[in-house]
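What you see is a predicted model; the values in this text were computed from it and never measured. Computed over heavy atoms, backbone and side chain alike; hydrogens, waters and symmetry mates excluded.
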Amino acid sequence: MASQRPGFPVRLTPTASAATGGRKPAVPARPIVPATPSMASDAVRTRMVQRLAAQGIADARVLRAMGTVERHRFVDSALVNQAYEDTSLPIGLGQTISKPNVVSRMIELLLGAPALAGKPSERLGRVLEIGTGCGYQAAVLSHVATEVYSIERLRGLHDKARVNLRPFRLATVHLMLGDGMLGYAKGAPYAGIIAAAGGEAVPDAWIDQLAVGGRIVAPTHSASGGQALVVIDRTTRGLERRILEAVHFVPLKSGIA
């Protein structure tokens, strides 16, 4: 099985020059934001983690990961002073990096998978992330999961995430350019699947690729016309679903652009 898994990164489509007719990606990959004394300070992230804890994030694994990954290295230089505020920030092509509270909340939910019940210090197994974006959440996931497969449909963001993550040399993170609605069957089954975009319903492909004891955390359309987080567990008895709080994510789309 290991021989079938992609290295870092992998493309699931033809090369960029073939697919774009020689045109450059719509969002050029930008270099990592250089660390500044204020942003590189552990105290800055410590304050963010303290705020997350006060907002109800209790899992020590999540808080430790959020305090380790330098969020300012995943945003544009013009926004670096807002990197540790609890706000979403634009990353190009109409997409955003989610608020720290949303990232930590969804990862905390993911770590509540049945397979980890009663194991508060263990890592989750293999995780599939739908929507790499700038690569920030994949970096956080690498601290709480044994392996991360992250798929992005927008070539410009896929390239940006590659640039952002390369200096960290995360051997357990695999970036892929492809249609996230199809999941990634070659890496299945997954202990967790987490999505950064919301559709009418959770795609069947994700459910098919979920391991017994695994969990999906994703936004979906709600009865009120907005979006809400849904948690789906696969147990030995079948699927169990819960609808949680209202959220706001970009729409889940198919295809590659």
List the atom of [X], the atom of [Y], and the distance in Å for their closest heavy-atom pair.
{"X": "Pro251", "Y": "Ala197", "answer": "O-CB, 3.7 Å"}
{"X": "Ala161", "Y": "Thr132", "answer": "CB-CG2, 3.6 Å"}
{"X": "Val173", "Y": "Ala138", "answer": "CG2-O, 4.1 Å"}
{"X": "Ala191", "Y": "Gly125", "answer": "CB-N, 3.7 Å"}
{"X": "Thr172", "Y": "Ser142", "answer": "OG1-CB, 4.3 Å"}
{"X": "Ala113", "Y": "Gly214", "answer": "CB-C, 4.3 Å"}

Lys/Arg N to Asp/Glu carboxylate O, Glu245 vs Arg105, below 4.0 Å: yes

Pair Glu240 + Arg237, salt bridge at N-O below 4.0 Å: yes

Measure the shortest side-chain to side-chain distance between [X] and [Y] over non-hydrogen atoms and say whether it is less than 4.5 angstrom.
{"X": "Arg61", "Y": "Leu124", "value": "no"}
{"X": "Leu63", "Y": "Asp59", "value": "no"}
{"X": "Met66", "Y": "Val140", "value": "yes"}
{"X": "Leu110", "Y": "Met106", "value": "no"}
{"X": "Val75", "Y": "Cys134", "value": "no"}

Hydrophobic cluster membership, Val250 vs Val103, 4.5 Å side-chain cutoff: no

Give a yes or no on whether the backbone of [Y] and the side-chain of [X] come within a donor-acceptor separation of less than 3.5 Å.
{"X": "Lys253", "Y": "Gly199", "value": "no"}
{"X": "Asp233", "Y": "Thr235", "value": "no"}
{"X": "Arg215", "Y": "Leu111", "value": "no"}
{"X": "Glu129", "Y": "Val148", "value": "no"}
{"X": "Gln95", "Y": "Gly133", "value": "no"}
{"X": "Arg123", "Y": "Glu147", "value": "no"}
{"X": "Arg153", "Y": "Asp179", "value": "no"}

Asn101 and Arg51: CA distance, side-chain angles, deciding distance, side-chain contact (heavy atoms from CB on, under 4.5 Å) verdict: CA-CA 9 Å; Asn101 178 266; Arg51 184 171 62 245; over 6 Å; no

Verdict with supporting geometry, Val127 and Tyr190, side-chain contact (heavy atoms from CB on, under 4.5 Å): CA-CA 6 Å; Val127 169; Tyr190 297 101; 5.9 Å; no

Step-by-step side-chain contact (heavy atoms from CB on, under 4.5 Å) determination, Arg64 to His143: CA-CA 8 Å; Arg64 186 164 51 247; His143 290 273; over 6 Å; no

For the atom pair [atom1] ([X]) and [atom2] ([Y]), what is the distance rounded to the nearest 0.5 Å?
{"X": "Gln137", "Y": "Ser150", "atom1": "CD", "atom2": "OG", "value": "8.0 Å"}
{"X": "Leu89", "Y": "Glu85", "atom1": "CG", "atom2": "CD", "value": "8.0 Å"}
{"X": "Leu109", "Y": "Ile194", "atom1": "CG", "atom2": "CD1", "value": "8.5 Å"}
{"X": "Gln82", "Y": "Asp76", "atom1": "CD", "atom2": "CG", "value": "11.0 Å"}
{"X": "Leu141", "Y": "Leu128", "atom1": "CG", "atom2": "CG", "value": "10.5 Å"}
{"X": "Leu157", "Y": "Ile97", "atom1": "CG", "atom2": "CD1", "value": "11.5 Å"}

Worked check of side-chain contact (heavy atoms from CB on, under 4.5 Å) between Ile256 and Leu177: CA-CA 8 Å; Ile256 300 169; Leu177 177 66; 4.1 Å; yes

Ring-face cation of Arg71 near Tyr84 (centre distance under 6.0 Å, axis angle within 45°): no

Centroid separation Phe74 to Phe168 less than 6.0 Å: yes

Only pairs under 3.5 Å count here: list side-chain donor-acceptor contacts from residues 202-212, not counting sequence neighbours, and write none if there are none.
from   : atom 1 : to     : atom 2 : distance (Å)
Trp206 : NE1    : Gly180 : O      : 2.8
Gln209 : OE1    : Tyr184 : N      : 2.9
Gln209 : NE2    : Leu182 : O      : 3.0

Return all side-chain donor-acceptor pairs below 3.5 angstrom for residues 223-231, not counting sequence neighbours, or 'none' if the list is empty.
from   : atom 1 : to     : atom 2 : distance (Å)
Ser224 : OG     : Ser222 : OG     : 3.0
Gln227 : OE1    : Phe249 : N      : 2.5
Gln227 : NE2    : Phe249 : O      : 3.2

Tell me which donor-acceptor pairs under 3.5 Å the side chains of residues 115-122 have, and how far apart each pair is, sequence neighbours excluded?
none

